[in-house]
Each structure stands twice: as structure tokens, then as C-alpha cells.
Amino acid sequence: MTDEKPAIEELTHAQAAAELPALVAGIEAANTAYHTLDAPEISDADYDALKNRLRAIEARFPDLARPDSPTQKVGGAVAEGFGKITHAVPMLSLENGFTDDDIRDFDGRVRNYLGLGPEAPLTYTAEPKIDGLSLALLYEKGVLIQAATRGDGEVGENVTENARTIKDIPQRLENAPDVLEVRGEVYMSHADFEALNARQEAAGEKTFANPRNAAAGSLRQLDARITAARSLHFFAYAWGAHSEPVAETQSAAMERFRALGFTVNPLTVLCDGPEAMLAHYRAIEAQRATLGYDIDGVVYKVNDLALQRRLGYRSTTPRWAIAHKFPAQTAWTRLEKIEIQVGRTGALSPVARLTPVTVGGVVVSNATLHNEDYIAGRNSFGEEIRGGKDIREGDWVQVYRAGDVIPKVADVDLSRRPEGAARYVFPEICPECGSPAIREEGDAVRRCTGGLICPAQAIEKLRHFVSRGAFDIEGLGAKQIEAFYRDGWIREPADIFALEERYGSGLRQLKNRDGWGEKSAQNLFDAIRERRRIPLDRLIFALGIRHCGEAAAKDVAQHYGRWEAMAEALDRARPAALAQRAADAAEEAERATAQAEGRRARITEARNAAIAALDVPDDATTAWADLVATDGIGPVLALSLSDAFANPEERLAIDRLVAQLTILPPPAKAASGAIAGKTLVFTGTLEKMTRAEAKARAEALGAKVAGSVSAKTDLVIAGPGAGSKAAKAAELGIEVIDEDAWLALAQGT
DNA sequence: CAGCCTCGAGTTCC
DNA sequence: CTCGAGGCTG
């Protein structure tokens with residue numbers, strides 16, 4: 001079909017421009033026909049010819065190449081290939097359990113939360129945990145309109161076209177609700193995996209380490225035709241958005257999925273308690289090798305959906321489910337060397353360099369050794385781990401991947417320990433800068449004291465500054481930061497914003513060195529300029545102050561509202577912060593003798609004396625108390641913040657940075673709903689829900705739940721048998737309601 | 001004051 | 001993903 005077309009070399013620009021649209025349309029039509037109708041309209045050879053011609057034209061006239069051209073979707077380097085999809089209902093992960101007792105504890109927690117006794121009937125489903133990748137399929141009026149990967153749980157990738165090629169995924173559902181999002185696992189069978197690898201090898205292509213990687217790689221193909229050729233499968237096991245209730249129990253929901261045309265795992269059963277769950281676990285474990293696909297455990301879920309709803313969710317996992325994982329695969333290898341890495345906070349982290357070995361289908365050559373004690377064979381309480389065996393260079397060690405991800409050392413074979421292998425001596429000098437590395441009392445890690453003098457710390461801090469939750473500057477990743485640091489172009493965050501002015505012309509001329517050119521330099525400067533406007537919480541997080549992560553930064557930003565208010569308050573509170581530290585030191589010094597004499601009061605006396613000696617102004621005490629009383633901020637974080645702002649060098653660097661920025665205040669908390677922002681106290685017996693449940697419900701509605709009634713309390717919910725708290729509420733003139741009124745409030749909003 | 005929950009920090013491999 | 005530690009609750 002390309003016969004009459006002029007050869008590429010003879011094509012004029014105008015001719016090429018005229019031919020392109022039809023070419024692109026032809027390829028796209030073929031794509032659609034291939035995987036939506038399962039009936040290719042043209043032969044593979046013709047398809048390839050079309051694509052080759054398009055590629056050739058684009059190569060000769062690059063200005064004609066469109067960013068959405070089909071040639072951009074072949075085997076390309078990824079990422080931008082897929083659109084992002086925000087999950088209407090987040091795709092959470094599951095809590096993991098490993099031992100029988102973990103599962104019994106889970107059952108206990110569920111019962112406790114629901115207010116059920118140990119003998120009350122409670123049914124769970126138990127199903128194999130498929131080792132694949134989760135996928136969310138959105139159906140509207142019974143038609144599949146979107147498929148998204150899990151991603152980080154909030155935002156996934158749009159792989160709709162690829163999902164359409166999977167036979168187990170129905171394109172249409174009969175008698176389905178208007179909106180139904182079915183979730184499940186995409187996986188590849190052992191047989192298909194072996195066959196695929198054989199084909200890959202024969203074609204000289206790279207093979208996959210395990211079925212899960214093969215499934216993931218296949219689903220994330222930019223060319224859906226490749227996905228179609230990979231025979232993937234799908235088990236449905238959960239749901240997200242839905243316009244009407246799916247069912248009343250988990251098992252009925254699975255039955256309904258089956259009726260709708262999905263495949264549901266046949267090894268799903270109902271269990272009437274933890275012992276039955278454990279029995280099923282062992283039964284599945286026994287069949288594991290003969291299933292024909294990989295599983296990595298068994299998932300238990302509370303069957304009754306009304307109970308699931310009551311149990312609700314913690315921050316990242318549901319309370320009504322747990323994954324009982326099989327023991328991780330292990331392998332023995334030689335530990336060649338122990339190396340020390342220095343992190344952002346100066347922490348010295350030992351890493352094992354291993355003779356590469358395959359563990360569960362993945363080649364592992366490094367493993368974390370955590371800290372000094374872990375190498376020595378002890379945990380933080382001084383108890384023995386690995387039977388007290390220490391780890392030495394040259395040892396044969398058994399490694400596994402914790403949570404199937406992080407390689408760790410499980411055991412040491414002492415019989416194979418080389419002659420003369422010495423106990424590992426942990427360095428007390430930073431290997432990067434030579435400063436003393438100190439281990440504070442009661443701390444598990446040893447830290448370099450070099451601060452920003454230490455290049456490792458400086459670089460790690462800068463990396464943190466540009467990381468995802470912080471300034472997130474596109475084009476300025478870890479590698480670039482390190483290069484700029486070594487060049488001396490970026491030594492502190494403020495330098496990033498001076499980069500264009502100081503080195504712009506130089507960078508533009510760095511043709512092809514480190515991949516820089518005029519265009520990429522311009523992109524970087526644009527990205528940096530975009531970030532000159534930054535939300536306050538991101539700025540605080542980016543500063544990399546110890547103990548101040550993303551969540552704490554949000555709390556601090558919310559508390560102060562404006563940067564100036566924060567800086568001013570921290571400056572004012574400084575004397576009180578110093579007093580706090582002095583008091584802590586005095587307490588530490590006094591503790592041993594006070595305990596010997598059995599006089600706890602002496603500790604308080606010592607603290608007070610230390611504070612009194614410093615003569616702290618009242619406004620400092622007020623500012624400090626205000627900070628420490630903030631939700632989520634305790635003395636440790638508060639001191640850390642105070643130290644960062646009081647350190648002259650650090651403060652100057654912060655001020656230089658802030659001078660370059662426009663800081664956006666945190667959004668005012670949406671005070672919607674009757675109890676949002678209110679402080680509640682529950683007292684007496686609640687009959688319709690447990691305390692924990694009531695608390696979770698209140699917090700979900702934006703309220704705070706306190707334990708005792710004070711002037712700050714807004715509302716008291718009193719059940720039967722309420723005593724002093726209700727009386728105190730009456731005394732303070734605080735509104736008191738009963739459980740039914742509370743339920744109305746909780747449900748109404 | 002002890003136990004729970006959440007957050008912070010560090011780490012590996014694709 | 002996991003461990004340790006900080007902060008809050010009962």
C-alpha cells in the first residue's frame with residue numbers, strides 16, 4: 001500500500017507535510033481495530049511498513065514530527081507516555097502479618113474496635129494474594145472507559161488501551177450499576193512467563209526476572225499491540241467508586257463480580273475465625289507450587305461490609321483486612337565489604353557489598369546493615385538478633401528482601417567464616433569529611449558532626465531540598481545537584497535561584513556535556529523560576545530540619561500561617577528553648593542519684609533550678625509553650641526548629657534563600673460541617689459504636705477528640721453513666737448531647 | 001507511664 | 001518497606 005508513494009529522499013517538505021496526517025490516521029485506526037475489535041484490518045507487515053515510513057519522514061523533517069505521533073509510542077523510554085489518573089477512591093495498601101500471632105492479634109484488634117467479645121461470631125474471607133500489579137477498571141453504564149495502575153495509591157497511570165487487550169477483562173458488563181470501579185490484580189502465569197522469556201531470548205531481547213516484572217513490563221508497554229501479545233490475566237477482588245452498593249458482604253461482592261463476567265480467584269473461602277484462617281493459609285501454602293501463578297501470601301478481610309465501614313481506615317491501610325505473607329525467599333552469598341554512607345542528617349549507614357546473588361528472581365548486590373548494633377548482632381534494647389552472631393567482612397551471609405524489596409542479612413554461617421576475620425570496627429570518624437562521628441546516648445545511629453562542612457551532608461541536604469515533597473524542581477535531580485555542587489555552582493539552596501544569573505551563559509554553552517545544551521538549560525531556568533513561588537509548608541519541609549518531615553512541616557505552617565510570624569516567634573522563644581535543653585541536661589545529670597534515693601521530686605527540682613538560673617523572659621516562655629502545645633509538635637521537634645533558626649550560619653543561609661522567594665500561606669482550613677474544627681469529648685458508655693470508632697468518625701469530619709473536659713472543649717457527648725466529665729461540662733457551660741444526637745451529627749455531615 | 005500509632009529517615013532495584 | 005523514635009492516649 002506504500003507502492004506509489006515517492007521515496008523518502010525525493011520527498012519535498014510540502015509533500016511530506018501533506019502525507020503525514022493520513023499516515024498517522026492510518027496507523028491509529030489500525031491500532032484501534034487491533035485491540036478493541038480483536039480483528040486487525042491490515043497485516044502486520046503493512047502496519048510495520050506504515051510505521052517505518054512515518055519514522056523515516058519524521059527523521060528527515062524533524063519539524064513535522066508531532067509530539068503525539070504514533071512513533072513516539074514504540075518502546076520509548078516511558079514516563080510521559082501515560083497520562084496520570086487520580087483515583088476517586090485511593091488505592092491503599094494492606095497491613096502485613098507474618099506469624100500466626102500477628103493474625104490472631106489482627107482478629108483481636110478488629111473485635112476490640114467493634115466491641116465484640118472473643119466468642120462473638122465474626123466471618124472473614126481468605127483468598128490468595130496474587131503477586132502481580134493492581135489495576136482499577138472504571139465502568140460507566142457497563143462500558144469500560146478507563147484502566148489505571150495503582151501508582152502511589154493516589155495517582156496512577158492511564159493504561160486503558162493496554163487493559164483492553166486482556167481477555168479476563170470484560171469490555172462491557174450486563175446489568176451493571178451506572179458507575180462501578182472494579183479492582184484486581186494483573187498477573188502472568190508461570191507457563192506464559194516461561195514462553196515469553198524463551199521468545200525474548202530467541203529474539204535477542206532482554207528476559208524478565210520474574211512473572212511480576214514481566215506482567216508489569218507488559219502492561220506498561222506504550223504500544224498496546226505488544227501488551228496484547230503477552231497473555232496477561234486478571235483476578236477481581238475489590239472495588240472503588242460505585243454509584244450504588246455493590247453487595248452486603250465481601251463474598252457476595254465476589255459472586256457479583258463473577259456474574260458480571262470477571263474471574264474471581266477460586267481459592268477464596270469464608271472462615272469463622274483466626275484458626276480457620278490459619279488452616280486455610282496452610283492449605284494454600286501447600287498448593288503454592290502447583291497453582292501455576294505466583295502468590296505471596298493470603299489476604300483476610302472482614303466479610304460483612306457494614307462492619308468494614310465501621311472499622312474504616314488508618315492513614316494508609318484498612319482496619320478490616322490484613323495480608324498474611326509467606327516467608328521471604330532467601331539466598332546465601334559472600335559479604336565482600338562493609339561500606340559507610342553518610343546521610344542528610346549525618347547518619348553513618350553501613351551497607352554490605354555482596355557477591356551478586358539472585359533472591360526471589362532479582363539480583364541483589366547490596367544490603368542494608370542499618371547501624372553499628374545490627375552488625376554486632378544486637379537490637380536497640382541490647383537483645384541478641386541472629387542468635388547474637390556479628391557480621392564480618394568475608395562472611396557467608398543469608399540475604400532476603402524484606403517486604404520483597406529491601407535486601408537484608410538474615411543469618412551468618414560461622415562455619416564458613418574466613419580464618420582471621422576480625423570483628424567489624426565501626427568508624428568513629430566520618431569517612432567523607434574526617435569530622436568526629438558521635439553516637440548520642442540512647443541513639444541507635446552514629447552521626448558525623450561536620451555539618452555542612454561535610455560534603456556528603458551538604459549534598460544530601462541539597463538533594464532533599466529539590467526532592468518531590470519539597471521544591472521538586474524538574475531537571476534538577478540528585479545527579480545534577482551533585483555535579484553542580486562539585487563544580488561549586490550550588491553550595492546552598494539560595495544558589496539554585498541565582499544559577500541563571502551567575503552561570504546561565506556558561507551552562508547554555510555546555511553543549512552535550514552531561515546532556516546540557518541551550519534548550520535543557522532554558523528548561524531548567526524556567527523550572528527554577530516556577531518554584532520561586534512556594535507554599536510555606538513545602539519551604540519548611542525543604543529546609544531539612546531534623547525531625548521535621550512532610551507532616552510536621554504542614555503542622556508548623558498551619559500553626560504560624562506566615563513565614564515572618566514563624567521566624568519571629570522562634571526567635572522570641574529561643575531563651576525558653578535553651579532553658580528546656582538546660583532542664584533536660586539537669587534531669588539527665590540528676591536521674592541516677594535521684595533514682596538511687598527513690599526521690600523523683602529531685603528531678604523536678606533540678607529542672608526548675610536549671611530553668612530559674614537562665615532568667616527566661618515571659619514572652620519567650622509564652623512563645624515556646626504556644627509552639628509545644630501545637631498538635632503534632634513536641635519538645636524534640638520544637639528544639640530542633642529552634643536550633644536551626646538560632647544557628648547563625650544556617651540562619652543566614654535560610655535568609656538568603658527566603659529573600660529569593662514568594663512564600664504562599666497555607667490555605668485556610670475549610671470549616672465546613674457542623675463539627676469541623678471543634679474539640680469533642682466522649683464520656684459515659686456509647687451503645688451504638690465504640691470509643692475508637694466514634695473518635696475516628698469525629699476526626700474524619702475535621703473535629704479533634706480530647707480525653708478530658710477543659711475550657712477548650714466545644715462539645716461533650718455523654719452516654720449513660722457519664723459522671724464527672726458531664727458535670728464539669730455543665731459547670732463550664734459547654735454543650736452536652738446524647739449519643740443519638742451525636743449520630744445525627746456524624747451522619748448528617 | 002506504658003502502649004499504640006504515625007511520622008521520619010534511610011535503603012534497594014528497576 | 002522497615003525500623004526507631006516522637007507524640008498522644010488511656
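Predicted, not measured: the structure shown is a model, and the values here were computed from it. Order of the sequence lines fixes the chain letters, A, B, ..., with proteins taken first and strands second; residue numbering starts at 1 for each chain.
Between A:Gln341 and the phosphate of B:dG10, there is no side-chain N or O to OP1/OP2 separation shorter than 4.0 Å. Considering only side-chain N and O atoms, A:Thr345 lies under 4.0 angstrom from the phosphate OP1 or OP2 of B:dG10.
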Between A:Arg109 and A:Glu95, does the salt bridge (charged side-chain N to carboxylate O under 4.0 Å, His left out) criterion hold? Intermediate values first, please. CA-CA 13 Å; A:Arg109 278 199 306 278; A:Glu95 184 189 340; 2.6 Å; yes

Begin with the C-alpha distance, continue with both residues' side-chain angles, and end with the deciding distance and a verdict on side-chain hydrogen bond (donor to acceptor under 3.5 Å, both in side chains) for A:Thr330 and A:Gln398. CA-CA 6 Å; A:Thr330 64; A:Gln398 186 187 36; 3.0 Å; yes

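At the heavy-atom level, A:Ala347 lies under 4.0 Å from the strands shown only through sugar-phosphate atoms. Within the nucleic acid shown, A:Arg401 has no heavy atom closer than 4.0 Å to any nucleic acid atom. If you check every strand for non-hydrogen atoms under 4.0 Å, A:Val445 touches nothing. In this structure, A:Gly217 reaches neither bases nor backbone, as no heavy-atom distance under 4.0 Å exists between it and the strands shown. Contacts of A:Ala552 with the nucleic acid, taken as non-hydrogen atoms under 4.0 Å apart, involve only primed sugar atoms and P, OP1 or OP2. Within 4.0 Å (heavy atoms only), A:Asn213 reaches no atom of the nucleic acid at all.
At whole-Å resolution of the value, CZ in A:Arg378 and C1' in C:dG4 are 17 Å apart. In this entry the distance linking CG of A:Asn112 with C1' of B:dG3 reads 13 Å, nearest Å. As a whole-Å value, the separation of A:Arg353 CZ from B:dC13 P is 9 Å. Atom CG of A:Asn371 is separated from atom P of B:dG10 by 12 Å (rounded to the nearest Å). Taking atom CZ on A:Arg468 and atom P on B:dA9, their separation rounds to 16 Å, with Å as the unit. A straight line from NE2 of A:His370 to C1' of C:dA5 spans 15 Å, rounded to a whole angstrom. What separates OH of A:Tyr400 from C1' of C:dC1 is a distance of 11 Å, to the nearest Å.
For residues 634-643 of chain A, proximity to DNA chain C is found at A:Gly634, A:Pro635, A:Val636, A:Leu637, defined as any non-hydrogen atom under 4.0 angstrom from a strand atom.
Using bins of under 30°, 30° to 60° and over 60° for the plane-to-plane angle, the ring pair A:His464/A:Phe541 lands in the perpendicular bin.
Distance from the side chain of A:Ala444 is smallest to C:dG4 among C:dG4, B:dG8, B:dT12. Listed nucleotides: B:dT12, C:dT2, C:dA5. Nearest to the side chain of A:Val351: B:dT12.
For A:Arg607, the salt bridge (charged side-chain N to carboxylate O under 4.0 Å, His left out) partners at least two apart in sequence or on another chain are A:Asp584, A:Glu587.
A donor-acceptor contact closer than 3.5 angstrom is absent between the side chains of A:Arg334 and A:Thr355.
Taking the centre and axis of the six-membered ring of A:Phe426, the NZ or CZ atom of A:Arg439 falls outside the cone set by 45° and 6.0 Å.
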Below 3.5 Å, can you tabulate the donor-acceptor pairs from side chains in residues 623-634 of chain A to any protein atom, sequence neighbours excluded?
| from | atom 1 | to | atom 2 | distance (Å) |
| --- | --- | --- | --- | --- |
| A:Trp624 | NE1 | A:Gln580 | OE1 | 3.4 |
| A:Asp626 | OD2 | A:His559 | NE2 | 2.9 |
| A:Thr630 | OG1 | A:His559 | ND1 | 3.2 |
| A:Thr630 | OG1 | A:His559 | NE2 | 3.4 |
| A:Thr630 | OG1 | A:Asp626 | O | 3.0 |
| A:Thr630 | OG1 | A:Leu627 | O | 3.0 |

